[in-house]
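Notes follow once the structure below has been shown.
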Amino acid sequence: MNRTVFLGALAAAGVTAGVAGAATLDDVKARGVLNCGVNTGLVGFAAPNAEGEWEGFDVAVCRAVAAAVLGDPSAVEFVSLTGKTRFTALASGEIDMLSRNTTWTFTRDVDLKFEFTGINYYDGQGFIVPRELGVSSATELDGASICIQTGTTTELNLADYFRKNNMEYDPVPIETNAEALQLYNEGSCDAYTTDASGLAASRATFENPGDHVILPEIISKEPLGPLVRHGDNEWGDVVRWTLNALIAAEELGITSANIDELSQGTNSPEINRILGTEGNLGEMLGLDPDWAVRAIKAGGNYGEIFARHIGESTPIGLARGLNAQWTEGGLMYAPPFR
């Protein structure tokens, strides 16, 4: 009953915020700053660097949107949010968009009244355990204590997986990734479960990463992406097509190194439309012709962003896998710019 009341109240708040904020694009332009919700700290995805500046894969999406709308990728106010607080912050209008490794689900889309604007990472839930436990499969975790972030899909997936496999577990609830890692490294839980990408990011911060094993089982589908409130289609279009521009740029060979040259005009009609030398796509979004040029220059195309923050040459060490372009056997696919 309490959960139903909470979801209903949050849904109502989302509707109210969506109606009241039906001109988010105008609000952001007038304010001169994009308020973007991100993780409380997940290296590679969203975390402050040594200088205190936010950086990461999800942060790059925020900066691309700010560049497209405001002409400045640094015109972002980053709001760090937990799994519990992220949806309230978006529904209430505290943030303009959420770019925080958030899974697109039916209830979040329909019941909570949010609009997912695309997928920037195809993920799945996994488990990490200390190597010394000698565990090689999640099916060996019967009776284990498991750290789990509350207010997330991982909490529900964990219950489903153990029920399906007739196993028991002792949940150790936490609110932030930092708290989970502290308890896990202290031995307060035998395993930690979250998105596999998050496990890889967390392991990279350990003093001895090789002492920890990410188990082979992936127990769910976790399509992650940015989201906005229902009821503001124009703003949703801006965020959606900014992400699509980053994805399409990689497919079409538009990079941070050659974009200035390509912006002078090419023999590819689609590249010209994206970069604003043909057509009026920017005008349709309520932006100027160079919106996508600025978005791509902010951090590079999708592939450049992936490689810089979480790719195989980084401590995170993630392969492209499902997140490769569709032309390379992956699922990354931007609708046509026409």
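By convention here, the first residue in the shown sequence is residue 1. Small disclaimer: the values here were computed from a predicted structure and weren't measured.
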With a 4.5 Å limit on heavy-atom distance, are the side chains of Val172 and Tyr184 in contact? no

Do Ile128 and Ile219 land in one hydrophobic cluster if side-chain heavy atoms of ILVMFWY residues count as linked below 4.5 Å? no

Looking at Glu132, I want to see if its CD is surrounded by more than 12 non-hydrogen atoms of other residues, nucleotides or ligands under 6.0 Å. no

With a 4.5 Å cut-off on side-chain heavy atoms, are Asp96 and Val228 touching? no

CG of Asp190 to CG of Asp170: how many Å apart, nearest 0.5 Å? 8.5 Å

Nearest atoms (heavy-atom pairs only) where Leu34 meets Met97: CD2-SD, 4.0 Å

Given the rule in the side chain to side chain contact (heavy atoms under 4.5 Å, CB included) test, do Phe206 and Leu181 qualify, once you have shown the distances and angles that lead to the verdict? CA-CA 9 Å; Phe206 291 170; Leu181 297 184; 4.0 Å; yes

For a 4.5 angstrom cut-off between non-hydrogen side-chain atoms, does Ile247 reach Gln325? yes

Sorted by chain and residue number, the ring pair (Phe, Tyr, Trp, His ring centres under 6.0 Å) partners of Tyr302 (sequence neighbours excluded) come out as Phe57

With no hydrogens and no angle check, is any side-chain donor or acceptor of Asn301 less than 3.5 Å from a backbone partner on Ile254? yes

At their closest point, which heavy atom of Leu318 faces which heavy atom of Ser197, and how far apart are they? CD1-CB, 3.9 Å

Arg86 side chain to Gly37 backbone, donor-acceptor under 3.5 Å: no

Separation between CD (Glu115) and CG (Asp232), nearest 0.5 Å, reads 8.5 Å

Donor-acceptor pair, distance only, cut-off 3.5 Å: does the side chain of Thr117 make one with the backbone of Pro226? yes

Tell me, do Val238 and Thr242 make a side-chain contact under 4.5 Å, heavy atoms counted? yes

With no hydrogens and no angle check, just 3.5 Å: does a side-chain donor-acceptor pair link Asp58 and Asn120? yes

Val69 vs Leu287, side chain to side chain contact (heavy atoms under 4.5 Å, CB included): CA-CA, chis, key distance, verdict: CA-CA 7 Å; Val69 175; Leu287 304 176; 4.3 Å; yes

Using the rule that Ile, Leu, Val, Met, Phe, Trp and Tyr join whenever any side-chain heavy atoms are under 4.5 Å apart, tell me whether Val33 and Leu90 fall into a single cluster. no

Return the minimal non-hydrogen interatomic distance between Ala248 and Ile274, and the atom names on each side. CB-CD1, 4.0 Å

First locate atom CH2 of Trp235, then atom CG of Leu285, and finally report the distance between them rounded to the nearest 0.5 Å. 11.0 Å

Could you tell me whether the side chain of Phe87 reaches within less than 4.5 Å of the side chain of Leu81, counting heavy atoms only? no

Check ion pair Arg320-Glu250 (N to O, under 4.0 angstrom): yes

Any pair counted as salt bridge (Lys or Arg N to Asp or Glu O under 4.0 Å), so long as it reaches residues 285-300, sequence neighbours left out: Asp260-Lys297, Asp288-Arg294

Given side chain to side chain contact (heavy atoms under 4.5 Å, CB included), test Phe78 with Val59 step by step and report yes or no. CA-CA 8 Å; Phe78 291 101; Val59 165; 3.5 Å; yes

Check whether the side chains of Thr255 and Glu304 place a donor and an acceptor atom closer than 3.5 Å, and report yes or no. no

Calculate, to the nearest 0.5 Å, the distance between atoms CD1 and NZ belonging to Ile218 and Lys221 respectively. 14.0 Å

All heavy atoms of Ala298 vs all of Arg63, minimum pair found to be CB-O, 4.1 Å

Can you find a side-chain donor-acceptor pair between Glu94 and Ser92 that sits under 3.5 Å? no

In plain terms, say whether Asp237 and Arg240 are close enough for a salt bridge, that is, a side-chain N and a carboxylate O under 4.0 Å apart. yes

Compare every heavy atom of Arg203 with every heavy atom of His212, then report the nearest pair and how far apart it is. O-NH1, 3.2 Å

Distance only, no hydrogens: is a donor on one side chain within 3.5 Å (strictly under) of an acceptor on the other, for Asn165 and Thr139? no

Taking atom CD of Glu140 as the centre, report whether more than 12 heavy atoms of other residues, nucleotides or ligands fall under 6.0 Å from it. yes

Within the 4.5 Å heavy-atom criterion, are Met332 and Tyr122 side-chain neighbours or not? yes

Does a donor on one side chain and an acceptor on the other come within less than 3.5 Å for Asn177 and Tyr192? yes

Restricting to non-hydrogen atoms, name the atom on Gln149 and the atom on Glu155 that form the minimum distance, rounded to 0.1 Å. O-CB, 4.0 Å

Pairs flagged by disulfide (SG to SG under 2.5 Å) wherever residues 90-206 is involved - sequence neighbours left out: Cys147-Cys189

Side chain to side chain contact (heavy atoms under 4.5 Å, CB included), that's the test. Do Phe127 and Ile146 meet it? Break it down for me. CA-CA 9 Å; Phe127 299 86; Ile146 302 178; 4.2 Å; yes

Can you tell me how far the CG atom of Leu275 sits from the CD atom of Glu270, to the nearest 0.5 Å? 10.5 Å

Identify which one of Asn101, Thr154, Asn157 satisfies the side-chain hydrogen bond (donor to acceptor under 3.5 Å, both in side chains) criterion when paired with Glu222. Asn157

Using 30° and 60° as the class limits, which term best fits the ring planes of Trp326 and Tyr333: parallel, tilted or perpendicular? tilted

Would you say the side-chain atoms of Thr327 and Glu251 include a donor-acceptor pair closer than 3.5 Å? no

